[in-house]
Colleague: 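One structure is given below, represented as structure tokens, and several questions about it will come after.
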Amino acid sequence: MDMLILNKHELIDNIKSLFKDYEIVGPSQLDGKLYFRPVKSMDEVVWDFVNPVNNIKDFFFPPSQVLYELRQDRIKAFEPDTKKKRIILFAKSCDTRALNLLDKLFIGDYKDTSYTARRETTTIIGLSCLEPADRCFCISLGGGPFATKGMDVSISPVRKDKFLLHILTDKGKDIIAEQGTRPEREELSLTEALKQKAEEAIKRKINIPSDFFEKFDSDYWKGVSQACIKCGICTYLCPACHCFDIIDEGYFRIRCWDTCSSDTFTKMAAGEDHRKQKYKKYRQRIYHKFQYYKENFGEIACVGCGRCTTYCPVKMDIVEIVNNS
Amino acid sequence: MSRSHFDSGEKVKKKLKIIGFLCNWCSYAGADLAGTSRLQYPADIRIIRVPCSGRMNPLLVLKCLQEGADGVLVSGCHPGDCHYQEGNYYVRRRMLILKNLLEYFGIDKRRFHMSWVSASEGAKWADVVKKVVEDVRDACEEEVKTAG
Amino acid sequence: MIIKKIKTTAKDLLTDGSVSLIIGYGINGPGDVTPVFIKDPDDVEKLVWNDQCYYNLIRYLSDRDFIEQNNGSIGIIIKGCDQKSLKVLLSESQVNRDKIKVIGVTCKGLMDSDGNVLAKCEACDVVYPDKDFCDVIIGEEVKKKEKEKDFSDIDEIDSMDLPDRKKFWDNFFERCLRCYACRNICPLCYCKECIMDQHNPQWVLPSASVVGNRLFHIVRAYHLTGRCVDCGECERVCPIGMPLRKINRKIIKVVKERFDFESGKDQEQKSPLTRYRENDSEDFII
Ligand code: SF4
Ligand code: SF4
Ligand code: SF4
Ligand code: FES
């Protein structure tokens, strides 16, 4: 659709005008860490950053969510509060691409109402990465630091304090005022140069071996999973992981995240556990991403954000582990 | 939406919900004596009998608070009088740690109490309950005030 | 050179068959230090030693499944602080001392990724592992620094007003994901079935919410009373930066002041909650 060139202050003014009608979520610092979280003003928002701890899936598929309340005489269902629309600022292309992957599951054959409602009332403004982190490997999975898939508006720098905006959807059109100038050829080529530079900076690559599926029964998995402590950080912080559990807390029925690495994930009522050993749990995570999801939905459920490697307590490196399998 | 009342949040109720864990051999008998001697004390306490105060797992206290109790009291035999010789010595250490932790996390220490009441101390039992109820009520009121 | 000695020691132990596995530090693809498990004497080249070796490898010794899979003798590389957790495990009969070979390494203190000395290392008093405890010692003997325990960070929180203190902690409880990394990395959290994983009865609310999270953290810390040796692993791994050492150290402080006890000193000592003194203070009892 449309392309615009805006100065930084024009862009900020535009976003500022949205605070009235929208809840704005953006990357912002809290206790020395960066999170996507609701912000009150543009001063809280960080512009130069690599991936925050959490990712934008939290705002569609929250860590725990009350589904309904059960009392003797009534059942009350809880729907997410979507009266106030939401804008997610400065999402990175890996996160938005992962959202597209989640759509296939949550808005597929079965429509998850709360996910869909949140999805429909959220507008995503993406920001290209100028300096990818050294753990990023999005390119080898079909993404890239300047990719725009899953965004409503994408922002890429042209030069200092000047930005190129792509308005990609109608939702995006609604929030960006008619202003600025049309991009000149020179400005487009400047962005193109920045894009190339950013892409070159990504050195890590994931190469799924051709006999990946045949390796399923190999002892390889026992070896590489030895260090894993079965915590679940990798799954909880992954933008594409989506397993959940339904639990009861008193009168409330709650959906909360679950992880294939935990001891209870596959534990049956009678105590049987068909994935008891650690290597089976770890292998499940890898195969779900790189094999089963592809079989079911046509795409790999990994976008290369590198969070699992960065935050893993024992620094298990998914790239190395898949490449060497 | 508040799903639990660890912090009772809303207005302080007229009648509080305080859970008392009483050792079978002393405090429970003491409370019984208070009853048979027709001593008056607030009815805000609900009593659960345990075989010995040494049976108290800190989780029981925490679970009560999590599920919405306003306060918890643990009561056993005086040191040296435990029916099983040493149960109350152990629990004394356990509850000291618990009390410190609760306070450290910002939970009013007046919500959790421990006492020694023997089988012959009906009057002391009535006093203990009065004090506990008063303390818990103060704690609740203060919390509502600071929560604004 | 320390690393050279580590490698030769590991090689010797593996070749003469006194151990079938060495747990040590290695490097992964992107260059981070990571635990490595070496069975083949030729693989000892993978071992490294530098200021990023913060993992407390003792964690694997208390992992039942791990021990089941590697049931031969195990050689393990430890620092002075790791030795404390091993001693606690021994005092609780969780590790068979005859089946492990302890390779103690003198440590100069570790750095975080920004190059700052770790807080736990600044307060460290065990840079040199015990000679009579380890089977092999690598590195020069360093005089132990006798240090008064500094609990000023705890006092700071203690001196806050009650509502402020609550706010301080709830700020973190709001974000805790219940990933249980803090529990799983802890060498002393070895319960076969954690109470957090039990659903019937359900003791602690399992979803990530302030109420359940607060209880989880009380219980997690409580279960380490008189056991936690302040190795700081829980705080290091927490993705949301929960100041877990501040919780653990609060208990360490209370246990020290009230019961005059320090964990990890001696493998014969019994934990303070499994014994008592008749004259323990009871100023909190009505
Ligand atoms: S984050 Fe690391 S240690 Fe935790 S479950 Fe994932 S791979 Fe295992
Ligand atoms: S606490 Fe002491 S022994 Fe442990 S890593 Fe730090 S300096 Fe080394
Ligand atoms: S590691 Fe951090 S986020 Fe995970 S359960 Fe522990 S405190 Fe919560
Ligand atoms: S029997 Fe009363 S405290 Fe042990």
Side-chain angles (χ1 to χ4, degrees), chain A residues 30-33 35 37 53-54 62-66 134-135 203-204 222-223 226-237 245 247-250 252 254-257 259 261-264 267 269 271 276-279 306-307 309-321 323-324, chain C residues 21 23 26-37 39 52 55 57 59-60 63 65-66 68-70 113 171-172 174-186 192-194 196-200 202 204-209 211-213 233-234 236-243:
Chain A
L30 184 64
D31 299 321
K33 295 207 179 220
Y35 298 90
R37 61 193 195 102
V53 179
N54 65 346
S64 64
Q65 166 190 9
V66 180
D134 47 2
R135 298 286 180 280
K203 297 276 182 306
R204 308 208 77 206
K222 282 190 190 159
Q226 279 201 89
C228 174
I229 59 160
K230 301 186 279 188
C231 63
I233 288 184
C234 50
T235 51
Y236 284 176
L237 301 186
D245 190 11
I247 52 162
D248 287 343
E249 284 184 357
F252 296 94
I254 297 174
R255 171 166 85 181
C256 52
W257 289 354
T259 163
S261 45
S262 95
D263 272 334
T264 51
K267 203 158 182 182
K276 193 168 184 312
Q277 294 89 338
K278 183 159 70 181
Y279 79 94
R307 283 187 181 86
T309 312
T310 312
Y311 291 99
C312 173
V314 291
K315 298 276 184 280
M316 307 259 290
D317 179 27
I318 194 169
V319 177
E320 190 185 26
I321 288 173
N323 288 358
N324 296 344
Chain C
L21 172 76
I23 310 179
I27 297 270
N28 72 358
D32 293 315
V33 174
T34 176
V36 288
F37 306 85
K39 288 193 168 138
Q52 300 285 309
Y55 308 98
L57 300 174
R59 202 248 157 264
Y60 296 104
D63 180 338
D65 295 339
F66 186 89
E68 242 166 60
Q69 277 167 31
N70 303 287
S113 42
N171 168 34
F172 293 105
E174 268 160 26
R175 271 177 292 147
C176 170
L177 291 164
R178 289 288 198 97
C179 64
Y180 295 134
C182 46
R183 171 194 75 183
N184 288 14
I185 197 79
C186 178
K192 202 163 185 179
E193 188 180 3
C194 176
M196 302 299 152
D197 294 339
Q198 287 176 4
H199 292 291
N200 197 9
Q202 181 190 63
V204 178
L205 299 183
S207 74
S209 64
V211 178
N213 291 351
E233 282 289 271
C234 46
R236 174 182 70 82
V237 303
C238 176
I240 61 120
M242 169 95 68

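Below, read A as the first sequence line, B as the second, and so on, with proteins coming before strands; counting in each chain starts at 1. Just so we're clear, the structure is a prediction, and the values are computed from it rather than from any experiment.
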Colleague: Just to verify, what does Glu320(A) make a side chain to side chain contact (heavy atoms under 4.5 Å, CB included) with, not counting sequence neighbours?
Modeller: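 Only Asp317(A), Asn324(A), Asn28(C) meet the side chain to side chain contact (heavy atoms under 4.5 Å, CB included) criterion with Glu320(A).
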
Colleague: By a 4.5 Å heavy-atom criterion (distance strictly below it), what part of Ile321(A) contacts chain C: side chain, backbone, both, or neither?
Modeller: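 Answer is neither: Ile321(A) stays 4.5 Å or more from chain C.
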
Colleague: Could you work out, with salt bridge (Lys or Arg N to Asp or Glu O under 4.0 Å) as the rule, every residue matching Arg307(A), not counting sequence neighbours?
Modeller: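 In terms of salt bridge (Lys or Arg N to Asp or Glu O under 4.0 Å), with neighbours along the sequence ignored, Arg307(A) is linked to Asp95(A).
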
Colleague: Working to the nearest 0.5 Å, report the span between CG of Asp263(A) and CG of Asp65(C).
Modeller: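 With rounding to 0.5 Å, CG (Asp263(A)) is 7.5 Å from CG (Asp65(C)).
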
Colleague: Within the side chain of Glu249(A), is there an N or O that forms a donor-acceptor pair under 3.5 Å with the backbone of Ser207(C)?
Modeller: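 Checked: pair present.
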
Colleague: Which atoms of Arg135(A) come close to chain C, meaning under 4.5 Å heavy atom to heavy atom: side chain ones, backbone ones, both, or neither?
Modeller: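 Side chain only.
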
Colleague: Any ion pair linking Asp31(A) and Arg175(C) (charged N to carboxylate O, less than 4.0 Å)?
Modeller: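 So Arg175(C) pairs with Asp31(A) through a salt bridge.
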
Colleague: What part of Asp248(A) lies closer than 4.5 angstrom to a heavy atom of chain C: side chain, backbone, both or neither?
Modeller: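 For Asp248(A), the backbone is the part near chain C, not the side chain.
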
Colleague: Taking Lys230(A) first and then Asp63(C), would you say they form a salt bridge - that is, a charged N and a carboxylate O separated by under 4.0 Å?
Modeller: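 Asp63(C) and Lys230(A): not salt-bridged.
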
Colleague: Mark yes or no for whether Tyr35(A), through its side chain, and Ile240(C), through its backbone, hold a donor-acceptor pair below 3.5 Å.
Modeller: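 Flag set: sc Tyr35(A) to bb Ile240(C) pair under 3.5 Å.
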
Colleague: Rounded at 0.5 Å granularity, tell me how far OG1 in Thr259(A) sits from CZ in Arg178(C).
Modeller: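 Nearest 0.5 Å value for the OG1-CZ distance: 14.5 Å.
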
Colleague: Looking at every heavy atom in both Val314(A) and Tyr60(C), which two are closest together, and how far apart are they?
Modeller: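 Heavy atoms only, the tightest pair is CG1-OH, 3.6 Å.
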
Colleague: Please state whether the side chain, the backbone, both or neither of Arg204(A) comes within less than 4.5 Å of a heavy atom of chain C.
Modeller: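 Contact with chain C is through the side chain of Arg204(A) alone.
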
Colleague: Given a strict heavy-atom distance threshold of 4.5 Å, which part of Cys256(A) is in contact with chain C: side chain, backbone, both, or neither?
Modeller: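 Contact with chain C: side chain only.
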
Colleague: Under 4.5 Å heavy-atom distance to chain A, tell me which part of Val36(C) shows up: side chain, backbone, both or neither.
Modeller: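 For Val36(C), there is no contact with chain A at all, as no heavy atom is under 4.5 Å.
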
Colleague: So, does Arg236(C) use its side chain to make a donor-acceptor pair with the main chain of Pro313(A) at under 3.5 Å?
Modeller: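 Yes.
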
Colleague: Under 4.5 Å heavy-atom distance to chain C, tell me which part of Lys278(A) shows up: side chain, backbone, both or neither.
Modeller: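 Side chain of Lys278(A) only, per the 4.5 Å heavy-atom cut-off to chain C.
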
Colleague: I'd like to know whether NZ of Lys33(A) has more than 12 heavy-atom contacts from other residues, nucleotides or ligands below 6.0 angstrom.
Modeller: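 Atom NZ in Lys33(A) is packed in, count exceeds 12.
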
Colleague: Can you give me the closest heavy-atom contact between Leu237(A) and Pro239(C), atom names plus distance?
Modeller: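 Closest approach of Leu237(A) to Pro239(C), heavy atoms only: CD1-CB, 3.9 Å.
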
Colleague: Pick one of side chain, backbone, both or neither for Asn171(C), based on which atoms fall under 4.5 Å of a heavy atom in chain A.
Modeller: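 Contact with chain A is through the side chain of Asn171(C) alone.
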
Colleague: Of all heavy-atom pairs between Tyr236(A) and Leu177(C), which one has the smallest distance, and what is that distance?
Modeller: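 Nearest pair, atom of Tyr236(A) first, then Leu177(C): CE1-O, 3.7 Å.
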
